[in-house]
Asker: 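Here you go, one structure.
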Amino acid sequence: MSIDNASQLIKPLRIAVLVSGSGSNLQVLINAMQAGALPIEIVGVISNREDAYALTRAKDAKIPVAVLSHVASGKRMGIKTFETHASSQLASWQPDLIVLAGFMRVLSADFIDNAPAPMINLHPSLLPVYKGLDTHQRAIQAGERHHGCSIHVVTAELDAGTVLTQAMLEINQKDTADSLQARVQKLEHQLLPWTILLLAKGALSLKDNSSSHQKNTFLPALPLKLYLND
Ligand code: GRF
């Protein structure tokens, strides 16, 4: 089966996306959904920032949005209040999968455990190395030869859940943190839709951990490494 007719053969996966910034990864998913290249329906987008350009992208695509940044008094929302509102919003959208795509707040164990669907996160490093922030700068400073991005299951421990997929590149001598970020983002834009397609097709499972993936001959050992061009 080609990726082009994937959406006609598989029941669309209902996806909610959490964002904080530009939303270029969200845009890739919107484009793939609109082109019928991915069997997904983006049922809603939640942003913790009202100035996130991702919101414009979602609204342009007529996708419901929820901006959870400030309380009525104008004060910035604390994480507990954010999670209370996000939980009821997600429950109403009934997603099959929650995608954190450039979402920059740390979520509590309680929120993650009680979420209405499994959650995956896109992280700009080859996990388990370089969890957290400033991954590109840290990889360059450490003299790494390789860098890339990972998609992992979200657990209470930051950037520590099972890594599902990874894409890798070679760091060039002239790379700066900015140029490396741009190069890694090109990989992200391929890795995210491919990972979601694999999940939609059942070629990757979120219920299984790494070892049960290996026991099941039909599922690949994790992480699945995709060799993509930046
Ligand atoms: C991505 O580069 C991701 O690695 C990081 O945040 C960025 C989000 O980019 N966590 P965008 O908002 O999808 O453009």
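All heavy atoms count here, side chains included; hydrogens, waters and symmetry mates do not. Remember, it's 1-based here, ligands and their atoms both numbered in the order they're listed. Counting begins at 1 with the first residue of the sequence.
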Asker: Counting only N and O atoms by type, is there a donor-acceptor contact under 3.5 Å from the side chain of Glu83 to the main-chain atoms of Ser108?
Answerer: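 Side chain of Glu83 to backbone of Ser108, a donor-acceptor pair under 3.5 Å: yes, one is there.
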
Asker: May I ask you to check if ligand 1 and Ser24 share an N or O to N or O distance below 3.5 Å?
Answerer: yes

Asker: Provide the number and element of each atom of ligand 1 under 4.0 Å from a heavy atom of Pro124.
Answerer: 4 (O), 10 (N)

Asker: Pairs in or reaching into residues 98-112: which pass salt bridge (Lys or Arg N to Asp or Glu O under 4.0 Å), with residues at least two apart or in two chains?
Answerer: none

Asker: I want to check something: taking the side chain as every heavy atom from C-beta on, are Ile151 and Trp194 in contact at a cut-off of under 4.5 Å?
Answerer: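 Ile151 does not reach Trp194 side chain to side chain.
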
Asker: Are any non-hydrogen side-chain atoms of Ile46 and Phe82 less than 4.5 angstrom apart?
Answerer: yes

Asker: Is it true that Asp159 and Lys131 make a salt bridge, defined as a side-chain N closer than 4.0 Å to a carboxylate O?
Answerer: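 A salt bridge is absent here (no side-chain N lies under 4.0 Å from a carboxylate O).
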
Asker: What's the separation between atom CG in Asp134 and atom CD in Gln141, rounded to the nearest 0.5 Å?
Answerer: 9.0 Å

Asker: Heavy-atom pairs closer than 4.0 Å: do any link ligand 1 to the side chain of Glu188, the backbone, both, or neither?
Answerer: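 Side chain only; the backbone of Glu188 stays clear of ligand 1.
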
Asker: Decide whether an N or O pair under 3.5 Å exists between Gly23 and ligand 1.
Answerer: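 Min N/O separation from ligand 1 is below 3.5 Å for Gly23.
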
Asker: Touching ligand 1 at all, Val19? Heavy atoms, strictly under 4.0 Å?
Answerer: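 It does not; every heavy atom stays at 4.0 Å or beyond.
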
Asker: Grab the two heavy atoms, one from Val19 and one from Ala101, that are nearest each other, plus how far apart they are.
Answerer: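 Here Val19 and Ala101 meet closest at CG1-O, 3.7 Å.
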
Asker: Could you check atom 9 (O) of ligand 1 against the protein and tell me its nearest heavy-atom contact, residue, atom and distance included?
Answerer: Gln185 NE2, 3.0 Å

Asker: Taking distance alone, with N or O pairs closer than 3.5 Å, would you say His123 contacts ligand 1?
Answerer: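 No, since none of the N or O atoms of His123 sits under 3.5 Å from an N or O of ligand 1.
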
Asker: Which of the numbered atoms in ligand 1 are below 4.0 angstrom from a heavy atom of Leu122?
Answerer: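 Those qualifying, in numeric order: 10 (N).
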
Asker: Show me which atoms of ligand 1 lie under 4.0 Å from any heavy atom of Gly102.
Answerer: 6 (O), 8 (C), 10 (N)

